[in-house]
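Have a look at the structure below before the remarks.
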Amino acid sequence: MLEIKVNKEKEKATLLVAGELDYSNVAQLQQEIARQEAPVVEVVLKDLQFMDSSGAGMLLNQARLLSRQNRVLKITHIPANIRHDLEIIGFFRVLETLKGTPQSGGE
Amino acid sequence: MSLDTGGKGKQIIHAGIQGAGCSIPADLEGGDFFDFIPLGEDQLIVAIGDVMGKGMRAAGQMKELCTILHACTRKDLSLLEIINQLAAIGGKRLHRAGSFATLCLISYERQHNCLTCLSAGHPSPVIFSGRNIHVPRVRGVALGFLEEYQGTRPEQVVLSCGDVVILYTDGLVEARDANGQNYGLNRLEEIVAANTCLDAVELREVILNDLFTFTGCRQQRDDVTLVILKKDLERGGECVGDQGK
């Protein structure tokens with residue numbers, strides 16, 4: 001079960017994600033991120049209980065996509081257990097490389 | 001050696017190591033994999049990994065990665081060179097598909113009783129030696145995330161007779177009981193520490209029974225893969241196999 005609440009401001013869209021993000025529902029969050037037009041999209045994971053590799057892969061792909069559009073995907077308030085799993089796969093190291101990537105304009 | 005991904009166990013005795021593994025997909029086909037690759041008489045390569053997602057797509061990507069792994073091991077490359085090639089070829093394909101794979105590679109060489117390990121985004125192996133538990137500090141970015149392998153150098157550990165090495169995927173430690181509690185690494189370590197006297201195949205069965213007791217055989221959320229390596233027990237001052245048990 002995945003719940004997504006969206007809070008839109010002029011410069012930032014905040015997506016509050018709760019429940020479990022996995023293979024079965026990963027498209028739901030992907031579509032919600034894709035729907036946003038703000039320069040900054042923040043995904044708040046405070047109430048997320050579980051995320052599998054499909055969730056991690058989707059978030060990184062969306063972060064890459066927004067980066068190519070000179071936009072930013074922020075992933076914040078990550079629960080400790082999920083952060084631990086993301087650290088093992090090198091998730092944050094990849095996010096760091098996106099920060100250092102020269103932007104080529106929107107796609 | 002053939003690749004086993006269908007929930008059937010696989011075992012091997014080679015280079016003074018007993019190996020037993022099992023991969024149980026959550027769906028009809030999974031993205032987890034493990035393999036034992038004997039090289040000559042005195043070396044054994046062991047791989048365990050997890051491709052993003054589930055089903056046919058993940059299974060196809062996993063098989064492709066295993067094909068590249070087998071090709072690399074035939075070239076007499078070091079573990080670091082193998083993972084570099086996997087990142088360059090397999091990782092690139094995964095990246096194009098918007099996917100990624102975690103991988104832990106182990107090489108055991110009988111001549112020096114030396115176990116070398118590397119990880120690309122996969123949980124480190126856990127080594128049980130007497131009462132001590134050692135977790136090698138090997139870390140790396142999963143294959144498919146970056147253009148090349150980025151991670152720690154390989155770590156080497158000398159194994160003594162009776163030492164046990166456990167490799168697993170996150171589906172095992174994140175399996176849940178009826179109350180939503182995870183099986184967890186602590187419980188895995190406890191059940192192994194209490195049963196290191198068993199051979200690799202017996203230990204695999206004990207762990208799986210404990211896991212299924214814990215979960216009450218509930219539907220898995222993720223593929224579960226477990227590999228056990230045991231350095232053969234000592235008899236008459238030398239390590240010998242347990243084939244005659």
Side-chain angles (χ1 to χ4, degrees), chain A residues 1-2 18-31 33-34 45 47-69 73 75 78-102 107, chain B residues 25-27 30-32 49-55 57-58 61-62 87 91 94-104 119-124 135 137-152 169-171 173-176 180-182 184-185 219-223:
Chain A
M1 183 75 178
L2 182 71
E20 301 192 345
L21 177 62
D22 64 18
Y23 181 70
S24 68
N25 57 28
V26 75
Q28 193 185 333
L29 180 57
Q30 181 175 334
Q31 286 163 8
I33 294 170
L45 300 182
D47 295 322
L48 192 68
Q49 279 125 35
F50 173 78
M51 177 161 64
D52 74 357
S53 60
S54 301
M58 181 277 291
L59 286 175
L60 270 187
N61 287 335
Q62 291 301 305
R64 283 196 191 104
L65 188 64
L66 265 66
S67 175
R68 288 201 291 267
Q69 298 168 350
L73 181 72
I75 301 155
I78 306 169
N81 59 327
I82 294 173
R83 176 172 286 278
H84 175 258
D85 290 347
L86 293 177
E87 277 171 357
I88 289 177
I89 64 172
F91 184 90
F92 300 107
R93 200 150 164 184
V94 181
L95 284 184
E96 284 299 314
T97 65
L98 289 181
K99 284 181 191 168
T101 305
E107 275 188 2
Chain B
D27 212 327
D32 277 11
D50 181 357
V51 177
M52 183 187 107
K54 294 183 181 67
R57 184 166 177 257
Q61 289 168 334
M62 173 268 292
L94 287 164
H95 183 82
R96 280 196 208 118
S99 187
F100 71 93
T102 70
L103 177 73
C104 181
S119 168
H122 199 87
S124 296
V135 180
R137 296 173 68 86
V138 284
R139 283 279 176 96
V141 177
L143 305 177
F145 277 161
L146 300 173
E147 289 181 359
E148 56 191 26
Y149 168 71
Q150 285 191 23
T152 57
T169 55
D170 53 6
V173 291
E174 289 170 1
R176 291 190 303 182
Q181 296 297 308
N182 283 355
L185 184 56
Q219 171 70 33
Q220 300 166 216
R221 280 187 301 186
D222 203 354
D223 306 333

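Here the structure is a predicted model, which means the values were calculated and not measured. Order of the sequence lines fixes the chain letters, A, B, ..., with proteins taken first and strands second; residue numbering starts at 1 for each chain.
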Margin query: Counting heavy-atom pairs under 4.5 Å with chain B, which one of A:Gly57, A:Ala56, A:Gly55 comes out on top?
Written below: A:Gly57
Check: Which heavy atom of A:Ile88 sits nearest a heavy atom of B:His122, and at what distance?
Finding: CG2-C, 3.7 Å
Check: A:Asp85 versus chain B, heavy atoms under 4.5 Å apart: side chain, backbone, both or neither?
Finding: side chain
Notebook entry, point to check: Given that the side chain runs from C-beta out, which part of B:Glu174 has a heavy atom under 4.5 Å from chain A: side chain, backbone, both or neither?
Noted result: side chain
Notebook entry, point to check: Does some side-chain heavy atom of B:His95 sit less than 4.5 Å from a side-chain heavy atom of A:Arg64?
Noted result: yes
Check: Given that the side chain runs from C-beta out, which part of A:Gln49 has a heavy atom under 4.5 Å from chain B: side chain, backbone, both or neither?
Finding: neither
Notebook entry, point to check: Closest heavy-atom contact between B:Arg176 and A:Glu20?
Noted result: NH1-OE2, 2.6 Å
Next item on the list: Using a cut-off of 6.0 Å, state whether more than 12 heavy atoms not belonging to A:Gln28 lie near its atom CD.
Entry: yes
Item checked: For the student: nearest non-hydrogen atoms of A:Ser53 and B:Val51, plus distance -> OG-O, 4.4 Å
Margin query: Between A:Leu60 and chain B, with a heavy-atom cut-off of 4.5 Å, which part of the residue counts as in contact: side chain, backbone, both or neither?
Written below: side chain
Check: Stepwise, does the side-chain contact (heavy atoms from CB on, under 4.5 Å) test hold for A:Ile89 with B:Phe145?
Finding: CA-CA 9 Å; A:Ile89 64 172; B:Phe145 277 161; 4.1 Å; yes
Check: Does any heavy atom of chain B fall under 4.5 Å from the side chain of A:Asp22, the backbone, both, or neither of them?
Finding: neither
